[in-house]
There are 2 protein chains.
Amino acid sequence: MNATAGERTLRIGEVAERVGVTPRTIRYYEELGLLGSAPGRAKGEHRLYGETDVARLRELIRLRDLLGLSLEELVGLVEAEEARAALRDRWHDSRSDAERLRIVEEAIEHVERQLELVRARQRTLAEFAGELEDKLRRLRRRRHELAGGKRG
Amino acid sequence: MNATAGERTLRIGEVAERVGVTPRTIRYYEELGLLGSAPGRAKGEHRLYGETDVARLRELIRLRDLLGLSLEELVGLVEAEEARAALRDRWHDSRSDAERLRIVEEAIEHVERQLELVRARQRTLAEFAGELEDKLRRLRRRRHELAGGKRG
DNA sequence: CTGATATCTTACGTTAACGTCAACTATCAA
DNA sequence: TTGATAGTTGACGTTAACGTAAGATATCAG
């Protein structure tokens, strides 16, 4: 599920519990292409996961819950990332420093994109909070008038 | 739909367009008790709305979209608010300054509750953004090592 | 090897939040 | 008064995101 996965020792139930979802959800996400199923698995064999898989799933769940992205939109993000990964594989040179640099740079862009999404949502939330604060100020002023001052 | 509504001149289609939803959504929300249908309307007559109704609908949509609240949760909020409104009606005294003060104080609490929800979400989003920024810093440091310095 | 337990696959079920359609009807400009 | 237009009620349809159940199988402790 992840090319750079290390241990690959966790089973689906443990992953589900740690992330706070059900095994069904994990299988469903795999079916949608969100978790890029590991290739060396025969039909019927148990799925095995590593820490990087757990991190990835957590990331997806947060994008879903905090930004309200649909699974379809998540698939879009993941596919875009994989498309870039494919491009880098064709620029596959040697596994030299140059290639590693390229990988790191792609990761940077990926994280920057997510950060941009999060910040956009932060802005709209700040706007919402600002309006509520305005409302609150007006109400408190009104309360002050009614309590201490005169003027109904 | 709102006791303090003024004009009550807009029809459902105009409201829908202005808020960015469909008429069906408005009827559905009314059916769920989110818009407290106006009592003076016979079966088959057109619904009429005022600016306060538009504002209320906008508020609901934002709570739905920005905080991801379900309609059931929104019903909970609205019912809680109406329960307090009912209490104030029993403390119905005269429509004096004292009563108006009470109403303003309830509105303040209502807005404070919403603001609390928004701020909670802002905190979790800030946490998320912070983690992404950390990740980004680590990646950039790594990029710097690979580009300028040595050490693979 | 042998249960006990967790997983696997397949397939149908469920729920929220509307969409859509049909047959009427209210509103309003001309 | 008369259409044109938009709205009304009622009912069934749809979609995303899983839930659930059944029968078979893989894993692993003992």
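What's counted below: heavy atoms across the whole structure, side chains too, no hydrogens, waters or symmetry copies. Note on naming: letters A, B, ... go to the chains in the order of the sequence lines (proteins, then strands), and numbering restarts at 1 for each one. A quick note: this is a predicted structure, and the numbers were derived from the prediction, not measured.
Rounded to 10°, the helix from C/dC1-D/dG30 to C/dA30-D/dT1 has 30° between the axis fitted to its first five pairs and the one fitted to its last five.
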Worksheet item: If the sugar-phosphate is the primed atoms plus P, OP1 and OP2 and the base is the rest, what is the B/S/- string for nucleotides 25-30 of chain D, using protein heavy atoms under 4.0 Å?
Response: -SSS--

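Residues A/L117 and A/I61 are members of one and the same hydrophobic cluster, defined by side-chain heavy-atom contacts under 4.5 angstrom among Ile, Leu, Val, Met, Phe, Trp and Tyr.
Taking 4.0 angstrom as the limit, B/R27 places none of its side-chain polar atoms (N or O) nearer than this to OP1 or OP2 of D/dA11.
Across the protein-nucleic acid pair, B/L69 atom CG and C/dA16 atom C1' stand 14 Å apart, rounded to whole Å. For the pair A/I26 CD1 and C/dA6 P, the computed distance is 16 Å after rounding to whole Å. Regarding A/L10, its CG atom lies at a distance of 15 Å from the C1' atom of C/dT7, rounded to whole Å.
For B/E112, the salt bridge (charged side-chain N to carboxylate O under 4.0 Å, His left out) criterion is met by A/R140, not counting sequence neighbours. For A/R113, there are no side chain to side chain donor-acceptor pair (under 3.5 Å) partners at least two apart in sequence or on another chain.
Nearest nucleotide to the B/Y28 side chain, out of C/dC8, C/dC18, D/dC18: C/dC18. Ranking C/dT9, D/dG7, D/dC18 by closeness to the B/I12 side chain, first place goes to D/dG7. Nearest to the side chain of B/R24, among C/dC18, C/dA11, C/dT9, sits C/dC18.
Residue pairs meeting the salt bridge (charged side-chain N to carboxylate O under 4.0 Å, His left out) criterion with at least one partner in residues 124-135 of chain A, sequence neighbours excluded, are A/E131-B/R62, A/E133-B/R119, A/D134-A/R137, A/K135-B/E59. For residues 14-28 of chain A, every residue pair satisfying the salt bridge (charged side-chain N to carboxylate O under 4.0 Å, His left out) rule, not counting sequence neighbours, is listed here: A/R18-A/E51.
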